[in-house]
Structures are given as structure tokens and as C-alpha cells.
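Quantities reported herein were computed from a predicted structural model and do not represent experimental measurements.
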Amino acid sequence: MVNFSLSLIQILDVDEKNQVLKTNIWYHYRWRDILLQWHPHLHDNITSVRVPSDKIWLPDILLYNFADDRLSEQREALVVVEHTGDLLWMPQAILNSSCGFDTLFFPFDEQTCQLKFGSWTYNGNMLDIDFIGEVREMDLSDYMQSNEWSVLENSAVKNIKYYTCCPEPYPDMTFTLRLKRRVAFYTFILILPCGLLSLLTLVIFWVPPESPAKLQLGMNIFLAFFVLLLLLADFTPRAATSIPLIGAYFCLSMIMITMSTVLACVVANMHFRGVRISRAPRWLRSCVIDIAAKLFQVNEVVEENRLQPVTPRKTWSTYVTGEKSQSDPETLVARIHLLNCQTGSRQEMRDYGAFQDVTSDYCEPSTSTALHQSSASASPSDDVIVIDEVSAIRELMDEELTYRESQVENKKTIREWRMIACVMDRIFFTFYIVINMIGVGVILLKSYFS
């Protein structure tokens, strides 16, 4: 029978990347060896001696989950031998034990590590182990507090297992440590910068999509989150089964910033260089402009502007000759309308949106008589010139109307994409707010119930 226990002195390191817990401990061994008994009165009343550990038999109790490349984990220590045959051996050791770490709630995480001890070659019928006294935990009387971890739970239990290799029982003693990370350091390294960057991310969604400042601010915050993500990678294992929630939050923020920046690039390109893409698909316009825009209170209205009528004076002076005609403009306009009234093209001139204010006047009977008298004084060659000028004006008006229609269509497309970008920005903003609230709630609940 070997009585065995541990004294925890210090937690040296918790290596999440390599899944190793490094501790400084003292072993406590107590057993009786009948071959080391003597009578004190026969040996000058000597009741105890100290002998080197390599001169006597030692129990081969080893750490099962040993994770070290060293041949021996303990220092040499003398064994106290009593005359009754009772032995006390307390070597000091630095143990590297394998431990699975869950970094899901990093840096508000808790880790549970176990140290399993037992005989490597003797079965339970040959060597049995048990605790020293009634204590079922590590001794923490000499424990040095860690700057990073606090011990929440310290327990131990004796197990008896049967392995496939052997029918005999093999007892072991498993010591369990539940550790909680101190977040003071990580508050200034990760939490506080993350909170400040989250506020700046909210500012990104408030900047208009066509503003160049939105692109610059978005890229700078993206790089800042990427730096924090690299810093987080130094504290987490490379092949973890789960990534930290704060890392997922960093990635999600980077994704939303990227999408918002892409939309801002599209809108800024249309705003400063014109439309280079076609109209948005019908389903996108129906979902975003007709439904989501009303839901998110985006009040910009996408509608087609009415064309302004082209005045005859501007059309004549600007697009035909580049200067005013030597003839009287009023007489020239009257001749044009008289010809149109005579040829039945009154409705055609109305379709161009020009001369609407004067056409009805010049085509009245009383006015037509005056126009006949006025045109009688003009020569036939002047009427031919006027007819040619009317044709030229019609052609120019066709070109002007076509150009204006294309401009209206381009502006409408620009407004549609700008409105889609604004609505999508609102959707990303709302989604970002919801994710922030859920993340903060999960972290606070986890911290409260732990």
C-alpha cells in the first residue's frame, strides 16, 4: 500500500497552442518497507535516517498523461526512513501534462485539466495506492497565485480500471484542476480595442455611400480588425475544434465592412464617373426599394423626372447657327407655326414638347389671317429656307429628346443603385447591432453563471 498525494506550488504555463499544462508540484509518498526496520537501542538510538532514493526500492507511480520530451520530470531528493520501516519521500517536479483546452469563450474561458497517476507495471493486487489521510485534493497551503489563472476547483478521485491487455485491476488517482482566466490583461489588449473599433464600425454605416471617407475609414478599420485577429491567433491553438467567439466576431465585422465598402465603391463610381452598369434586377428592386426601403425609413424616391420643354429661341440660336437669326424671331416663329398649321403638323410639334405655348395662338383663324398677310410680303425663297430650318430644328429636337431621355434613365439607374446601397447599408447596420447585442449578452451570461 502506497499513500500518495500532491502539493501544488505554482502554475507555470497554460499552453493552449500545444495543449500542455505546466505545473510545479511536490510529490508525497508514504509506504512501509519491512526490509528497512531496525531497533533503535541497538544502533545508538537512531530512529530515522536519510538515504539516496536510488539505493532503495521506489514505487513506479508515474503521470499517465505525460507530455514532455525529458526523461525524468522530478528532482533528486533523499528518502526519510523511520526505524519502523515507514518511508517518506517528497521530491519536487515540474510536470508537463496534456490537457484539452476549449477556447470558445476566450478570454472569458474556463479550463479543466486532469493529472492522472498510477503504477506503470504493478497491478492493483501487487501495489495499491490511496490518499494520505482524508484529503481528496491537492494541497494548496504553499501555492503561489498565478497572474493569469485562478483556481476555481481542486479535487481528486481514485479509479480502478481494467485494461484489455491484462485481467488484473489497475488503480489510479486523478487530480482535477478547474482554472479561470484573469481578463485584466486581455481587457486592454483585445476587449477595449474591439469595443472602440465596433463604435468606429457603426460610424462607417452612418457615412453616405458616395462619400470617399467611407472607403478610407472602412479599409483602416478592416486592417485594425485583421491585426487583432493575428494577435488572437497567438493565444489560441492552431487546430482547435472551435474558434473563439471573439475571433468569429472579428471575422464577421470584417465581412460586413467588406460588403459595405464594396457597395460604397459601386455607388461612388456611379456618382463620380456615371453609370457603367445596367439597371438593378426587377426582383432586387422589388425586395429592396419597395419593401426594405419602407421598413428602414429610406425616404429617397426613385421616379422619372419630366422633361423640360425646349424653347424655340434657345434651340434656334444655340443648336442651328450658334447665333441669333437676322430675321425677326417672332416673325420666324410665326412662319414656322403657319407652315405647320397649313401642313397639318400641329400635333407633331406638340409631341416634341416645344412651342406648346404659342402653337394654339398661331393656329387660330384670326391669327392665321394675320400670318398669311405677314407671309405674303416674304419671298418664296424665304419660305424654303424656313422649311429647311424647321426640318433641322426637328432633327435637333429629336436628338435633344433622345439625349435627355438617356440622361433621365441614367439618373434613375444611379438613384436606384444608390437607394439599394443605402438600404443594404441599413440592413448590415441592423445585423451588426443584433450581433453585438447577442455577443455581449452571451459573454455576460457566461460570466455571470460561471
Could you give me the CA-CA distance, side-chain angles and deciding distance for Ile9 and Ile25, then say whether side-chain contact (heavy atoms from CB on, under 4.5 Å) is met?
CA-CA 5 Å; Ile9 305 303; Ile25 60 99; 5.6 Å; no
Does some side-chain heavy atom of Leu21 sit less than 4.5 Å from a side-chain heavy atom of Trp149?
no
Distance col, row Ile56:CD1 vs Leu87:CG, nearest 0.5 angstrom, shows 5.0 Å
In the structure I gave you, are the side-chain heavy atoms of Phe185 and Glu148 within less than 4.5 Å of one another anywhere?
no
Compute the centroid of each ring, for Tyr186 and then for Phe106, and state whether the two points are separated by less than 6.0 Å.
yes
Quick check: are there more than 12 heavy atoms from other residues, nucleotides or ligands sitting under 6.0 Å from CH2 of Trp120?
no
Are the side chain of Trp89 and the backbone N or O of Ala77 linked by a donor-acceptor pair below 3.5 Å?
yes
Closest contact, heavy atoms only, Ile11 versus Ser146
O-OG, 4.3 Å
Is it true that atom OH of Tyr163 has more than 12 heavy atoms of other residues, nucleotides or ligands lying nearer than 6.0 Å?
yes
Return yes if some donor-acceptor pair links the side-chain N/O of Gln111 with the main-chain N/O of Asp102 below 3.5 Å, else return no.
yes
So does Phe101 get a backbone contact from the side chain of Gln19, meaning a donor-acceptor N/O pair under 3.5 Å?
yes
Qualifying residues under side-chain hydrogen bond (donor to acceptor under 3.5 Å, both in side chains), relative to Thr121, sequence neighbours excluded:
Asp60
Should Leu232 and Ile246 count as side-chain neighbours, where that means a heavy-atom distance under 4.5 Å?
yes
Does Arg32 use its side chain to pair, donor to acceptor, with the backbone of Met1 at less than 3.5 Å?
no
Could you give the distance from CG (Asp13) to CD (Glu16), rounded to the nearest 0.5 Å?
8.0 Å
My understanding is that only residues two or more places apart in sequence, or in another chain, count here; which of them pass disulfide bond (SG atoms under 2.5 Å apart) with Cys99?
Cys113
With distance as the sole test, does Asp86 use its side chain to make a donor-acceptor pair with the main-chain N or O of Glu82 at under 3.5 Å?
no
Heavy-atom nearest pair, Ser53 first then Glu76, reads OG-OE1, 3.2 Å
Got Leu179 and Ser150 here, is their nearest side-chain heavy-atom distance under 4.5 Å?
no
Could you check whether Ser48 and His83, counting side-chain N and O atoms only, form a donor-acceptor pair closer than 3.5 Å?
no
From CG (Leu197) to CG (Asn220), nearest 0.5 Å
10.5 Å
So which heavy atom on Leu127 is nearest to which on Pro59, and how close?
CD1-CB, 4.0 Å
Using side-chain heavy atoms (C-beta onward) and a distance below 4.5 Å, is Leu177 in contact with Thr112?
no
For Trp38, does the CH2 atom have more than 12 heavy-atom neighbours from other residues, nucleotides or ligands under 6.0 Å away?
yes
Taking atom CZ of Arg30 as the centre, report whether more than 12 heavy atoms of other residues, nucleotides or ligands fall under 6.0 Å from it.
no
Heavy-atom pair of closest approach, residues Leu6 and His28
C-CD2, 4.2 Å
Got Val79 and Leu88 here, is their nearest side-chain heavy-atom distance under 4.5 Å?
no
How would you list all residue pairs meeting disulfide bond (SG atoms under 2.5 Å apart) that involve residues 3-54, not counting sequence neighbours?
none
Might you work through the side chain to side chain donor-acceptor pair (under 3.5 Å) test for Ser7 and Tyr143, ending with a clear yes or no?
CA-CA 8 Å; Ser7 291; Tyr143 173 68; over 6 Å; no
Before you tell me yes or no, could you show the steps for Ile191 and Val183 under side-chain contact (heavy atoms from CB on, under 4.5 Å), namely the whole-Å CA-CA distance, both residues' side-chain angles and the distance that decides it to 0.1 Å?
CA-CA 9 Å; Ile191 306 301; Val183 298; over 6 Å; no
Should we count CD1 of Ile34 as having more than 12 external heavy atoms under 6.0 Å?
no
Just by modelled atom types, is the Met126 backbone N or O under 3.5 Å from a matching donor or acceptor in the Asn123 side chain?
yes
Determine, step by step, whether Phe105 and Leu245 satisfy the side-chain contact (heavy atoms from CB on, under 4.5 Å) criterion, reporting the C-alpha distance in whole Å, the side-chain angles of both residues, the deciding distance to 0.1 Å, and the verdict.
CA-CA 6 Å; Phe105 296 99; Leu245 290 179; 3.7 Å; yes
Using 0.5 Å steps for rounding, measure from the CG atom of Leu200 to the CZ atom of Phe225.
8.5 Å
Check whether NZ of the Lys or CZ of the Arg Arg181 lies under 6.0 Å from the centre of the six-membered ring of Phe108 and within 45 degrees of that ring's axis.
no
Using modelled atom types only, decide if a donor and an acceptor are shared between the side chain of Asn154 and the backbone of Met138 within a distance under 3.5 Å.
yes
Taking it one step at a time, do Val151 and Gln145 satisfy side-chain contact (heavy atoms from CB on, under 4.5 Å)?
CA-CA 9 Å; Val151 179; Gln145 292 291 335; over 6 Å; no
To the nearest 0.5 Å, how far apart are CD in Glu153 and CD in Glu110?
10.0 Å
Sub-6.0 Å ring centroid separation between Tyr29 and Phe4
yes
Which residues pass the ring pair (Phe, Tyr, Trp, His ring centres under 6.0 Å) test with Phe222, sequence neighbours left out?
none
Do Thr23 and Leu115 come close enough that some side-chain heavy atom pair is under 4.5 Å?
yes
Could you note down all residue pairs passing salt bridge (Lys or Arg N to Asp or Glu O under 4.0 Å) where residues 129-145 supplies at least one of them, sequence neighbours left out?
none
Atom OH of Tyr64 and atom NZ of Lys161: how far apart are they, to the nearest 0.5 Å?
9.0 Å
Quick one: does any side-chain atom of Thr103 pair with a main-chain N or O of Pro244 as donor and acceptor, under 3.5 Å?
no
Validation row: Lys22, Gln10 side chains within 4.5 angstrom (heavy atoms)
no
According to side chain to side chain contact (heavy atoms under 4.5 Å, CB included), who are the partners of Thr174, at least two apart in sequence or on a separate chain?
Gln114, Lys116, Val157, Asn159, Asp172, Thr176
I'd like to know if the side chain of Asn65 and the backbone of Ser98 have a donor-acceptor N/O pair within less than 3.5 Å.
yes
Mind checking whether Phe131 and Phe175 have parallel, tilted or perpendicular rings, split at 30° and 60°?
perpendicular
Looking at every non-hydrogen atom in both residues, tell me the closest pair between Gly118 and Ile129 and how far apart they are.
CA-CD1, 4.3 Å
Counting heavy atoms not belonging to Asn147, are there more than 12 under 6.0 Å from its CG?
no
